[in-house]
Trainee: 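Structure provided below as structure tokens; questions to follow.
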There are 4 protein chains.
Amino acid sequence: MFNLNPNTGVPIYRQLMEQVRRMVSSSQLKPGDALPSVRELAMTHAVNPMTISKAYSMLEAEGLLERQRGKAMTVAGNLPLQESKPDRLERLQPAIENLAMAARQLELGSDDVLKAVREHMEKQDA
Amino acid sequence: MFNLNPNTGVPIYRQLMEQVRRMVSSSQLKPGDALPSVRELAMTHAVNPMTISKAYSMLEAEGLLERQRGKAMTVAGNLPLQESKPDRLERLQPAIENLAMAARQLELGSDDVLKAVREHMEKQDA
Amino acid sequence: MFNLNPNTGVPIYRQLMEQVRRMVSSSQLKPGDALPSVRELAMTHAVNPMTISKAYSMLEAEGLLERQRGKAMTVAGNLPLQESKPDRLERLQPAIENLAMAARQLELGSDDVLKAVREHMEKQDA
Amino acid sequence: MFNLNPNTGVPIYRQLMEQVRRMVSSSQLKPGDALPSVRELAMTHAVNPMTISKAYSMLEAEGLLERQRGKAMTVAGNLPLQESKPDRLERLQPAIENLAMAARQLELGSDDVLKAVREHMEKQDA
DNA sequence: GTGGTCTAGACCACC
DNA sequence: GTGGTCTAGACCACA
């Protein structure tokens with residue numbers, strides 16, 4: 001469900017926050033849905049529970065998640081519906097810019113890049 | 001030439017190191033070429049000179065750059081030629097994986113992603 | 001400057017957040033002013049630095065404080081001026097309600113309460 | 001009768017314990033008086049019954065309350081009479097100190113504070 | 001020097 | 001079982 005990599009330089013809690021935001025944006029996580037428990041996520045990703053907890057707390061402060069005492073955190077109930085495709089494409093932009101910059105610096109043209117992206121995504125779908 | 005963003009969580013010096021490596025990998029920076037001076041880069045990107053200097057020093061320790069007293073740092077002279085396209089595509093993988101993960105979490109299909117990437121890269125070329 | 005009590009049941013980081021908000025509200029801390037460093041505050045109050053850091057981080061997320069790399073945190077520069085007296089009295093309400101509830105349950109009348117408050121505040125001023 | 005606020009950070013059971021102690025201290029609850037049932041209090045304050053029960057049990061352990069099988073809990077019969085006014089003023093101190101600290105940080109003088117307290121208590125009496 | 005991140009582990013509050 | 005808070009201590013990024 002989530003993909004946390006401690007070696008990228010991006011803090012783990014920030015990776016998680018961003019990924020939760022995206023899952024909510026696409027309605028793979030809907031208002032009222034429970035998130036994985038702090039301990040469970042910490043176990044499966046071999047990360048300290050506090051690191052997960054920090055991400056959840058900050059998303060709660062943002063209003064994206066809600067806490068219910070003694071229960072798992074849930075997606076906030078007062079959120080707008082699934083974001084439109086243009087909005088979600090907007091959220092994709094940073095990853096695209098990052099890719100394009102790398103390609104430019106590697107002198108790889110759009111043909112090569114598009115081919116590599118297509119292959120990766122097809123392999124993933126399969 | 002470079003693109004340094006202090007807000008991503010990735011340390012600035014690591015962003016710079018990675019970007020220099022890519023430019024060398026593609027021979028946009030060739031053995032003997034001078035890099036921008038620490039001061040210049042620090043000015044244009046509003047970054048502390050020590051941060052630039054640290055990146056350069058670590059690349060020097062890696063053998064990618066050479067320092068000549070009183071002159072700008074240059075790309076090391078004993079480097080292999082431009083990397084082959086497969087090698088450079090390999091360097092592109094992390095950015096592709098990052099993009100694919102974001103797309104999956106946003107529930108955007110490969111068609112939409114490829115279209116967005118193509119548009120971004122064309123706009124950039126223009 | 002601050003008053004942190006670990007025995008009230010109110011989390012320390014929340015006590016600190018509330019007190020910083022009040023100091024800013026009254027302009028005892030003005031935009032641009034530096035706050036005590038995390039380590040300093042942790043030392044003087046015998047509290048773990050992370051506890052202080054957590055309060056500061058959450059106030060930053062709120063927009064009340066700003067972080068400058070390598071420097072102490074400062075009060076955000078884009079804040080409105082000192083709050084009006086009615087606004088500050090509004091902030092005082094929870095403490096007043098708490099006092100009134102206690103007085104009611106202790107069957108102490110407003111005369112006794114006002115006298116006690118006056119005495120406490122005069123002693124404090126002296 | 002009681003005032004339980006889940007958002008202050010103070011555990012609910014501690015809020016309740018403190019308030020019961022004050023009611024007993026002022027003889028608004030006298031030895032032999034029955035307390036509201038766990039279920040009733042839990043309902044009216046939208047709190048988990050176990051939370052109420054825990055507060056009652058701890059007050060029982062303190063000797064302030066007595067449990068009679070199948071009946072409501074009552075105030076213990078062997079308690080001293082109503083506390084003297086100085087004793088009750090002593091119990092009020094924490095709330096006063098809290099108020100004075102808030103006022104100081106908000107730069108509100110004793111005149112303003114006393115006025116606000118008086119107004120609040122009069123409104124409450126009315 | 002500053003703050004940030006993470007860990008390992010404890011105890012608490014609540015369901 | 002859930003999340004929350006705190007500690008002690010390590011290492012990193014940045015000025």
Side-chain angles (χ1 to χ4, degrees), chain A residues 4 6-16 34-42 45-60 65-74, chain B residues 4 6 8-16 42 46-55 58, chain C residues 4 6-16 34-42 45-60 65-74, chain D residues 4 6 8-16 42 46-55 58:
Chain A
L4 303 179
N7 300 317
T8 62
V10 182
I12 296 171
Y13 81 96
R14 283 232 235 170
Q15 295 180 42
L16 179 55
L35 277 89
S37 85
V38 168
R39 287 150 162 90
E40 178 191 345
L41 216 45
H45 290 84
V47 159
N48 189 290
M50 270 201 52
T51 304
I52 308 293
S53 179
K54 180 173 180 176
Y56 279 6
S57 296
M58 295 188 76
L59 288 169
E60 187 199 6
L65 301 185
E66 284 176 348
R67 184 180 21 145
Q68 291 172 299
R69 297 226 211 191
K71 295 209 184 149
M73 299 203 72
T74 58
Chain B
L4 303 178
T8 62
V10 182
I12 293 171
Y13 82 98
R14 280 180 67 169
Q15 296 182 42
L16 180 54
V47 160
N48 190 295
M50 275 192 50
T51 304
I52 308 292
S53 180
K54 177 172 179 178
M58 293 185 77
Chain C
L4 303 178
N7 300 318
T8 60
V10 182
I12 296 171
Y13 81 96
R14 283 231 235 168
Q15 296 180 42
L16 179 54
L35 278 88
S37 84
V38 168
R39 287 150 164 88
E40 178 190 346
L41 216 44
H45 290 85
V47 159
N48 189 291
M50 270 201 53
T51 304
I52 307 292
S53 180
K54 180 172 180 176
Y56 279 6
S57 296
M58 295 188 76
L59 289 170
E60 186 199 7
L65 300 186
E66 284 177 347
R67 182 181 21 145
Q68 293 172 298
R69 298 225 210 194
K71 294 209 184 151
M73 297 202 75
T74 57
Chain D
L4 303 179
T8 62
V10 182
I12 294 169
Y13 82 96
R14 280 181 68 168
Q15 295 181 43
L16 179 55
V47 160
N48 190 295
M50 276 193 46
T51 305
I52 308 292
S53 180
K54 177 171 180 178
M58 293 185 77

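From a predicted model like this one, the values you see are computed outputs, not experimental measurements. Naming: A, B, ... by sequence-line order, numbering from 1 per chain.
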Trainee: Check this one for me: any side-chain N or O of A/Ser37 less than 4.0 Å away from OP1 or OP2 of F/dT2?
Mentor: yes

Trainee: Please work out the stems of DNA chain F from pairs that are Watson-Crick or G-U wobble with both distances under 3.5 Å, keeping only runs of three or more consecutive pairs.
Mentor: E:1-14 with F:1-14

Trainee: Would you mind telling me which residue lines up with the more 5' stretch of DNA chain E, C/Glu40 or D/Ala46, judged by nearest nucleotide?
Mentor: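 Result: C/Glu40.
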
Trainee: Locate the shortest heavy-atom distance separating C/Pro6 from C/Ile12; write the atom from each residue and the value.
Mentor: CB-CD1, 4.0 Å

Trainee: Taking all non-hydrogen atoms of both residues into account, name the closest pair between D/Leu4 and D/Ile52 and its distance.
Mentor: CD1-CD1, 4.3 Å

Trainee: Which heavy-atom pair separates C/Leu41 from C/Tyr56 by the least distance, and what is that distance?
Mentor: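 Closest heavy-atom pair between C/Leu41 and C/Tyr56: CD2-OH, 3.3 Å.
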
Trainee: Working to the nearest 0.5 Å, report the span between CG of C/Leu16 and CG of C/Leu59.
Mentor: 7.0 Å

Trainee: For C/Gln68 and for A/Gln68, find the nucleotide of DNA chain E with the closest heavy atom, then tell me which residue's nucleotide is more 5'.
Mentor: C/Gln68

Trainee: Can you see which heavy atom on B/Gln15 is nearest to which on B/Thr8, and at what distance?
Mentor: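 Smallest interatomic distance, heavy atoms only, reads NE2-OG1, 3.4 Å.
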
Trainee: Supply the atom-to-atom distance C/Thr74 OG1 to C/Glu60 CD, rounded to the nearest 0.5 angstrom.
Mentor: 9.5 Å

Trainee: Roughly how far, to the nearest 0.5 Å, is CG of C/Leu35 from CD of C/Glu66?
Mentor: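 Separation between the atoms: 11.5 Å.
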
Trainee: Tell me the closest heavy-atom pair linking A/Gln68 and A/Ala72, and the distance in Å.
Mentor: OE1-O, 4.3 Å

Trainee: Is C/Arg67 near enough to E/dT2 that one of its side-chain N or O atoms lies under 4.0 angstrom from OP1 or OP2?
Mentor: no

Trainee: Just the rounded figure in Å: distance from P of F/dC6 to CG of C/Asn7.
Mentor: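 So the two atoms are 12 Å apart, to the nearest Å.
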
Trainee: Please state whether the phosphate of E/dT7, meaning OP1 or OP2, lies under 4.0 angstrom from any side-chain nitrogen or oxygen of A/Thr51.
Mentor: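 Yes, such a contact exists.
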
Trainee: Report the distance from atom CE of A/Met73 to atom CG of A/Leu65, rounding to the nearest 0.5 Å.
Mentor: 5.0 Å

Trainee: Rounded to whole Å, please give me the gap between NE2 in A/His45 and P in E/dT7.
Mentor: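 Spelled out: NE2 on A/His45 to P on E/dT7 is 13 Å.
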
Trainee: Listing time: all N or O pairs from protein to nucleotides 8-10 of chain E that are below 3.5 Å?
Mentor:
| unit_1 | atom_1 | unit_2 | atom_2 | d |
| --- | --- | --- | --- | --- |
| E/dA8 | N7 | A/Asn48 | ND2 | 2.6 |

Trainee: Give the rounded distance in Å between these two atoms: CD of C/Glu60 and C1' of E/dT2.
Mentor: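 One finds 13 Å between C1' of E/dT2 and CD of C/Glu60, rounded.
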
Trainee: Hey, what do you get for OG (A/Ser57) to NZ (C/Lys54), rounding to the nearest 0.5 Å?
Mentor: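 If I round to the nearest 0.5 Å, the distance is 6.0 Å.
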
Trainee: When rounded to the nearest 0.5 angstrom, what is the spacing between OH in B/Tyr13 and CG in B/Asn48?
Mentor: 14.5 Å

Trainee: List every contact pair, protein side and nucleotides 11-13 of chain E side both N or O, where the distance is under 3.5 Å.
Mentor:
| unit_1 | atom_1 | unit_2 | atom_2 | d |
| --- | --- | --- | --- | --- |
| E/dA13 | OP1 | D/Tyr13 | OH | 2.9 |
| E/dA13 | OP2 | D/Tyr13 | OH | 3.1 |

Trainee: Could you give the CG-to-C1' distance, from C/Leu4 to F/dT5, as a whole number of Å?
Mentor: 14 Å

Trainee: Atom CD1 of A/Ile52 and atom C1' of E/dT7: how far apart are they, to the nearest Å?
Mentor: 13 Å

Trainee: Please state whether the phosphate of F/dG3, meaning OP1 or OP2, lies under 4.0 angstrom from any side-chain nitrogen or oxygen of A/Ser53.
Mentor: no

